[in-house]
Amino acid sequence: MIIHKGDSALKLIQLVIFLISVSLIVSVFSENVIAQSTAPAPTGHAVSIHAGPLLPNSIPATDEILSGFGFRYGYPLFTSTLLEAGYTGSNSEGVAYSDASVSLRGDIPFQDLFAFGLIGGNASRIKGPGASDYTYYGGVHTGGGVLAHIADTLF
């Protein structure tokens, strides 16, 4: 087996990102972490949509930048924890792409904002130009972001 220096560094970076994400989500369950905030906390169900470029990397079917669209739905499990399900799809550049995901998301107050972290798994299928059948992929993902209170229950 041949291991390149870049592969080792990439695996270390992935491990660090994974550990930080797990720590962030686990910390949501600790009552000591939740601080006082002047903005109301996000509660209840969550719905979001997203659109923009998809950047496939190391996928044999395509290396083209695709135009994508998707949505996510979050079901509240605990006060600051949601179970999210999402879908992203694209049918551009002769490529058919679909991705379904499930994530555990935690919200943490941060000054007048709410930081969130998520970790989960996903299943993707892709059919490149000229291909007669789909190729299926499975994987894991981590993510994060910031929520700002806009009005009432809109973040």
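- When the ring pair (Phe, Tyr, Trp, His ring centres under 6.0 Å) test is applied to Y73, the partners found at least two apart in sequence or on another chain are H45.
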For this session: Could you walk me through whether L54 and Y97 pass the side chain to side chain contact (heavy atoms under 4.5 Å, CB included) test, one step at a time?
Result: CA-CA 10 Å; L54 297 172; Y97 173 85; 3.7 Å; yes
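- The hydrophobic cluster around Y136 extends to Y134, counting ILVMFWY residues whose side-chain heavy atoms fall within less than 4.5 Å of a member.
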Donor-acceptor contacts, no H, no angles, side chain residues 87-94, under 3.5 Å, sequence neighbours left out:
unit_1: Y87; atom_1: OH; unit_2: S98; atom_2: OG; d: 3.4
unit_1: T88; atom_1: OG1; unit_2: H50; atom_2: NE2; d: 3.0
unit_1: S90; atom_1: OG; unit_2: S67; atom_2: O; d: 2.6
unit_1: S90; atom_1: OG; unit_2: S92; atom_2: OG; d: 3.1
unit_1: S92; atom_1: OG; unit_2: S67; atom_2: N; d: 3.1

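- For H141 against V102, the heavy-atom pair with the smallest separation is CE1-O, 3.8 Å.
- In this view, Y75 satisfies the side chain to side chain donor-acceptor pair (under 3.5 Å) rule with no residue, not counting sequence neighbours.
- The two atoms that bring V146 and F116 nearest to each other are N-CE2, 3.7 Å, heavy atoms only.
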Exercise. Can you list the steps and then say if L104 with T81 is a side chain to side chain contact (heavy atoms under 4.5 Å, CB included)?
Worked result: CA-CA 7 Å; L104 183 62; T81 307; 3.5 Å; yes
For this session: Begin with the C-alpha distance, continue with both residues' side-chain angles, and end with the deciding distance and a verdict on side chain to side chain contact (heavy atoms under 4.5 Å, CB included) for I108 and F114.
Result: CA-CA 5 Å; I108 299 173; F114 291 88; over 6 Å; no
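- In the displayed structure, I65 atom CD1 is contacted under 6.0 Å by at most 12 heavy atoms of other residues, nucleotides or ligands.
- Applying the side chain to side chain donor-acceptor pair (under 3.5 Å) criterion to T135, with sequence neighbours excluded, gives no partner residue.
- The OG atom of S103 sits 5.0 Å away from the CG atom of L118 when rounded to the nearest 0.5 Å.
- Sequence neighbours left out, the pairs with a member in residues 73-88 that pass salt bridge (charged side-chain N to carboxylate O under 4.0 Å, His left out) are R72-E84, E84-R105.
- A donor and an acceptor atom, one from each side chain of D99 and S124, are located under 3.5 Å apart.
- Residues I119 and V140 are not in side-chain contact: their nearest non-hydrogen atoms beyond the backbone lie 4.5 Å or more apart.
- Contact record, V95 with G128: CG2-CA, 4.4 Å, taken as the closest heavy-atom pair.
- Here L82 sits alone; no ILVMFWY side chain lies under 4.5 Å from its own, so it joins no hydrophobic cluster.
- Residue pairs satisfying the salt bridge (charged side-chain N to carboxylate O under 4.0 Å, His left out) criterion with at least one member in residues 116-128, sequence neighbours excluded, are absent.
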